[in-house]
Every structure is written in structure tokens, then in C-alpha cells.
There are 2 protein chains.
Amino acid sequence: MSAPSKVTIGDVARHAGVSKGTVSLAYSGKRPVSEETRQRIFSAAAELNWTASHRARALATARTGAIGLVMARDPEVLATDAFFSKFLSGCERVLAEHDMGLMLHAVTTAEAEHLVYERLAAGRADGVILLDVEIDDPRFALVQRLGLPAVVLSAHEPTRGETAGLPTVFSDDSPAITELVALMAEAGHTRIAHVAGPAHYIHGRIRQEAFSAAMRKRGLDDSLVIEGDFTASSGRDATAQLLDLPQPPTAILFANDMMAIAGLSLARSRGVRVPEDLSLSGYDDSELSAHLSPALTTVSTGAVQRGQLAVTTLLAALAGEDPGAVLADHTTVLPRDSIAPPPRP
Amino acid sequence: MSAPSKVTIGDVARHAGVSKGTVSLAYSGKRPVSEETRQRIFSAAAELNWTASHRARALATARTGAIGLVMARDPEVLATDAFFSKFLSGCERVLAEHDMGLMLHAVTTAEAEHLVYERLAAGRADGVILLDVEIDDPRFALVQRLGLPAVVLSAHEPTRGETAGLPTVFSDDSPAITELVALMAEAGHTRIAHVAGPAHYIHGRIRQEAFSAAMRKRGLDDSLVIEGDFTASSGRDATAQLLDLPQPPTAILFANDMMAIAGLSLARSRGVRVPEDLSLSGYDDSELSAHLSPALTTVSTGAVQRGQLAVTTLLAALAGEDPGAVLADHTTVLPRDSIAPPPRP
DNA sequence: CTGAAAGCGCTTACAG
DNA sequence: CTGAAAGCGCTTACAG
């Protein structure tokens, strides 16, 4: 059990009777190497149990072989977020193909976040993906100042200048919201409330705007909106507030599953039947939502595909292309049992 | 916006009129540098906007400055797992202090997992933390063969040889389970069931063994055990199975919150009142559990502290110490509203 | 198809 | 307290 892996490309070269350059070429395939010497090299490497040092390669190629991802949300919230781990797994899928890795950072303050991006830019990552983007997000300027390649993940098609010219992968959250409103309205609901996500997030704002637009287009009152923060606790509180209204809504559209599930639980504990007395919908398609009783109508956001697309787009940018704004169209409403006609008055 | 960061330590040295070595020393403090030249160096660096290249430093020091973490669970399951993101945030806390990062990999097959460890060992990480450990986990031998420093996270004190001599951070899951059984038994329950996690995981097995031991010690029947897989879907199915019994249990102890929440939802949809007709408990303290109605009695596992401790321990191992087995004693039962006396027969 | 050599940008003995 | 130089282990023009 003595320290292994001290064998270098030089040892392999010597063992195979070739130069270090040839060993390198045999693996990279960047120039032809005769079949015979290639075999000699491979068996020498196998015999010596050699693997190229990632650190040396990184310095020589000026590539770290990793992308950065920084999560700036409270870990408690992240914990129950259906999006992240699926997104991560999508990223990993394409990173693995390219022999790359993912540097993950969790921060809780703005200063810490700033620092992390500086460290990433200093050679710990070749580029980053920007999540939970805000209006005029300060990170847009930061990554550009740092010369750190980045792609931003957004919830709608960026208007000009909105993402400061950075490559963007966007899904449009609006159609799904419109569809949910339609589902509720067509079941006969007229008093429909929305428990929104924070409006400073683009995805929070977009969902709320889509809700209002859809309601108004049907001539319905769109004023029943409470802003939550994606946590179960805010979902529960918002639901309590709505149920306490003199004219409580008969349907509530939540901006994510966690808030919806907490709301569902609260409603039932008050003797409000779901969906007979109250219809509900979530957003994000968490595993729980499908296995609740009743199962929660929600929206699958194609988080895995967005992860894949985000990485693909970042790699394209690293290769010198300008990917522009690319659409991820995997958002789908999943109608389940939590929406039914409203009770007779 | 031309490519920045092409400024090197040599530029700074020249600008400050010193050697590259002195610049290096001024920052690392590994040898004294006169206050005056230090200032010259710092202002030169500031003026040129220089930051040391992480890649070059990594090669020179034979340290990557990152630890590896590989998640081998289904992303759908991870998504709703209360443990990971808190654990990650704990890791980050101490990594940040040491100017280090975290390489995260998500894999779904055993081969992929094997490959990931080889890549990590090739210089992408200085060490790894082993999660979701199994009996005779093949990774123990793998990391040792690869010469990859590792610490394992376990759910009980390792018996000799169990973790192959690797440094181990363990929390003992047994006392919390014993306490939950006591809570239920003292409320008057005798037919208590357990919906377990997979027995091939150490934490799954330990919780189940603790359940059986606690039940037997009280002279209660410990045979009502169903093995789930930590998903909401398995929690729902197991609960259905239990409620369909001719003599259904009056209390169910679940091995994690997700299964418990799905079980709670199913029970109520069948008209079974919680906690009046059925008492329930979870494990992991997910954010949702506290904001459900009724709030779920569960177990806080100190995931953040365990993350911190795991990294601290790994850093100690990297520094050449032998940390042995260290106890993380932050497991606490959180009594809430989901346990009450059983209904009168 | 292959070799010898320079270079990537730091750190760290070795001298002074 | 400081400098000059070697070294970390690869890759990649440059020659042949």
C-alpha cells in the first residue's frame, strides 16, 4: 500500500522504447501512430499501471476539464427542490462523455458567491452555468470581467441585452401556466389564486405574469396572488391566508411542488377536501407529487434535458462558437387527480 | 473584452522588481518577506489584476485542491432527499476555509462509478468521501488500490475491519430509532410497523435492527417490517400493504421522511386520521416534514455537521494523520404532532 | 510515422 | 530577506 501513481509518461515512454510525445499522441490520437507502437505503448502503460496526470494535462492544455456550478439558495430549500439533482444528473451525462467534471459550490452570502466566481475563474473551472437568474443579475458583468465563459439558464426567451449577450438556454414557463389556468377554468373555477415564487427571480416573475395574463384573457380576476419563497413553510402560510378569506379561492396554482404539497396538507387538516372542495396544482414534478393521494397535477420541466443542453451549450461556447439563445422545449403539464370541478355553491 | 488573465507570476515579479519565488512566498507566507517588498508585490499584482493560476499551482504542489463526491442514487430519489444538500453545504463550509472545492459526480451504473473513481484518483481530486456505504463495499478496496485517500460516512461505529481501515465518520442511528419506538410504545401502541430502507445500505440495516431490538426489548412483535427503497412510491405502497392487513398497525415508523409523507397522504385519503387513527414518524428532517399538517415527528441527523466533520477528517488524513473512527453526535428526535395514543379498540 | 525540446505557470530546495 | 534554477508531468509546434 505504498504511494502508487508516481509513474509518469516518461516511464511509459522508456518502457515502450518511444518518446514521451509519442505516448501522448497514441492516447490523444491527434496524429497518427503506427498500430505496432501504439500496442507497445498501451501494454507498457497497462503493465506500469499508468494514467495521465490530470494536473499536468490541465496546465499544458490550459483547460481544467471541469465546469462550475454555484448554488446560492438556502440548503434547506435546495434539499427539497426537485430541480437541482435532476439538472445535475443531466449535466453529468454530457460531461462524462467529454471526460469532464463538475465543481459544485454552495454559498449563502453575496460576498461568498463573488469570491467563488473569482476562484473558478482562476483556473478551477473552464466555464460556469448561471442558475436562478435575476433581472439585471450582477453575475452577468462579473463573469465577463473575469473572462469566465458562462451560459445562463432562463425561464423565457431573453430580450435583447437581458443576459448581457451571454449564451442562454431557456425554457418558456408561460405556456404551462396558461394550460394550468385553462385546466382549472374549464373545470369551472373562477376564483383561482396563485402562490408565486419570489419575483426577483426570472422564473418566479414569468410564472406570475403568465398567470395574470391567462386569467385576464378569460375575464377572470387575477388579483389573488401571494408571493411565497418556494419553501413548504411559505406554501402552508399562503394557503392558510387564502382559506381564511371571506371568499376563499376554489383553486390554487402554486409556483412549485413543495409549496403545493404543504398547502394540500394544510387544507386537508382543516377538513377541506382535495380536489372536491379545492383544486391544486404544483410545478417541477417532484417524485413525491406523483405518489401523493390525490396525485398532484404539476409541470415536468425537463430538468435532465436542460442540464444536458446547458453543458452542451457551454462546451460549444468554450470551443469558440456563439450558441446564442437556445430553446429547451421539454416543459409539459402532467394532469393528475388534484384538479376537479369546484363545489356547488 | 479581449482574453484576460494571461498575466502570470513572472509579470508581477518584473513589475515589482523581484523574483518569481519572492512573489510566491509573499502570498504563501512560507518564508518571511520584508514588509516593503510585500507591499510592492501586492500593489503590482493588484495593478496587473493577477491571480495565481490554479492549474500551475496544482501541478507544482501535487495537490488538486478539491475533494470528490459521487452520488450513485437515482436522481429522482436524490431530488427529494433531505440529506444531500445539507451535507454538501456542510462540506462547503470547511472546504471554503481551505480554499478548496468539491467535484461532484452523479452516476447510475456500477461501471460508471468505477470509472469516476479512477478519474478522480488520476488527479481530479485529492481524496473522496464515501456515502451510502454498503456491507463489504467494493469501493473500500477500489480506493485503496487507486491510492485515493478516502473517508467513509457510516451509520454506526465500525467494527474492526468493517471499513477496511479507512477513516470513518459515523453517527449512530440506533438511539433515535429506540427513542421513536419508546415514544410510540409509551403512547400505548403495541402493533408498530417499520417501513425500512434497503438492507444492503448500512444505514438501512442499522435502523431496521434497532427497530427490532427496541420492539423485542419491550416484548412487542417486531415482524411487521416492509422494506422500501426511500422513494415516495415505495412508502405509499408499503403503507397500503400495511393498512390492508386484517390487523393493521396503529403506528408506522418510516426509515425516511419521503416514505412517511407519502404514507401519511395515502392514509388520509383512505379516511384514516393521523394521528388519531394512525401514528407516524419519519427520519431525516426534511423541510416539508415540519410544515405538514400534522407536522411529522422525525429525526434530525445533523447533516450539515456531518458534512463539516467528513471534510475535516479527510483533510486530516491528507495531512498524514490517522483520524480513525470519529463520532458525529448530532442525531436528535424531533417530536411533533404525528404521534398520539392509538384509537380505542 | 517519430524524436528532441520548449513551454504551460507555479513552488521549492539550494545558495547567498 | 532574496535570487536563480530546477522541477512538477504533461502537450505541441518544429524537424526530420
With pairs defined as Watson-Crick or G-U wobble and both distances under 3.5 angstrom, please note down DNA chain D as a dot-bracket string, | for pairing with another strand.
|||.||||||||.|||
Residues in residues 51-62 of chain B with a heavy atom under 4.0 Å of DNA chain D, by number, are B/Leu59, B/Ala60
With a 4.0 Å cut-off on heavy atoms, is B/Thr37 in touch with a base, just the backbone sugar-phosphate, or nothing at all?
sugar-phosphate
Residue pairs, two or more places apart or on separate chains, that pass ring pair (Phe, Tyr, Trp, His ring centres under 6.0 Å) and touch residues 7-32 of chain B:
B/Tyr27-B/Phe42, B/Tyr27-B/Trp50
Tell me the interatomic distance from B/Lys30, atom NZ, to C/dC10, atom P, rounded to whole angstroms.
15 Å
B/Tyr27 OH to C/dC10 C1', in whole Å, measures 14 Å
Using whole Å, report how far CZ of B/Arg63 lies from P of D/dG9.
15 Å
Under 3.5 Å, which protein N or O atoms sit close to an N or O of nucleotides 3-5 of chain C? Give each pair with its distance.
{"residue": "C/dG3", "atom": "OP2", "partner": "A/Ser19", "partner atom": "N", "Å": "3.0"}
{"residue": "C/dG3", "atom": "OP2", "partner": "A/Ser19", "partner atom": "OG", "Å": "3.4"}
{"residue": "C/dG3", "atom": "OP2", "partner": "A/Thr22", "partner atom": "OG1", "Å": "2.9"}
{"residue": "C/dG3", "atom": "O6", "partner": "A/Arg31", "partner atom": "NH2", "Å": "3.2"}

Quick check: does any side chain N or O of A/Thr22 sit under 3.5 Å from a backbone N or O of A/Val18, one acting as donor and the other as acceptor?
no
With a cut-off of 3.5 Å and sequence neighbours excluded, list every side-chain donor-acceptor pair involving residues 100-108 of chain B.
{"residue": "B/His105", "atom": "ND1", "partner": "A/Glu92", "partner atom": "OE1", "Å": "3.3"}
{"residue": "B/His105", "atom": "ND1", "partner": "A/Glu92", "partner atom": "OE2", "Å": "3.0"}

Backbone N or O of B/Phe170 within a donor-acceptor pair of the B/Thr168 side chain at under 3.5 Å?
no
Do the side-chain N and O atoms of A/Thr64 and B/Arg55 include a donor-acceptor pair separated by under 3.5 angstrom?
yes
Length of the line joining B/Ile41:CD1 and D/dT2:C1', which is rounded to integer Å:
10 Å
Side-chain (A/Asn49) to main-chain (A/Ala46) donor-acceptor, under 3.5 angstrom:
no
Check residues 309-327 of chain B and write down every donor-acceptor pair under 3.5 Å in which the side-chain atom is one partner and the other belongs to a residue at least two apart or another chain.
{"residue": "B/Thr312", "atom": "OG1", "partner": "B/Gln308", "partner atom": "O", "Å": "2.7"}
{"residue": "B/Thr313", "atom": "OG1", "partner": "B/Leu309", "partner atom": "O", "Å": "2.6"}
{"residue": "B/Asp322", "atom": "OD1", "partner": "B/Gly324", "partner atom": "N", "Å": "3.2"}

Does B/Asp126 reach the main-chain N or O of B/Gly65 with its side chain, forming a donor-acceptor pair under 3.5 Å?
yes
Measure the distance from CH2 on A/Trp50 to P on D/dG9 and round it to the nearest whole Å.
12 Å
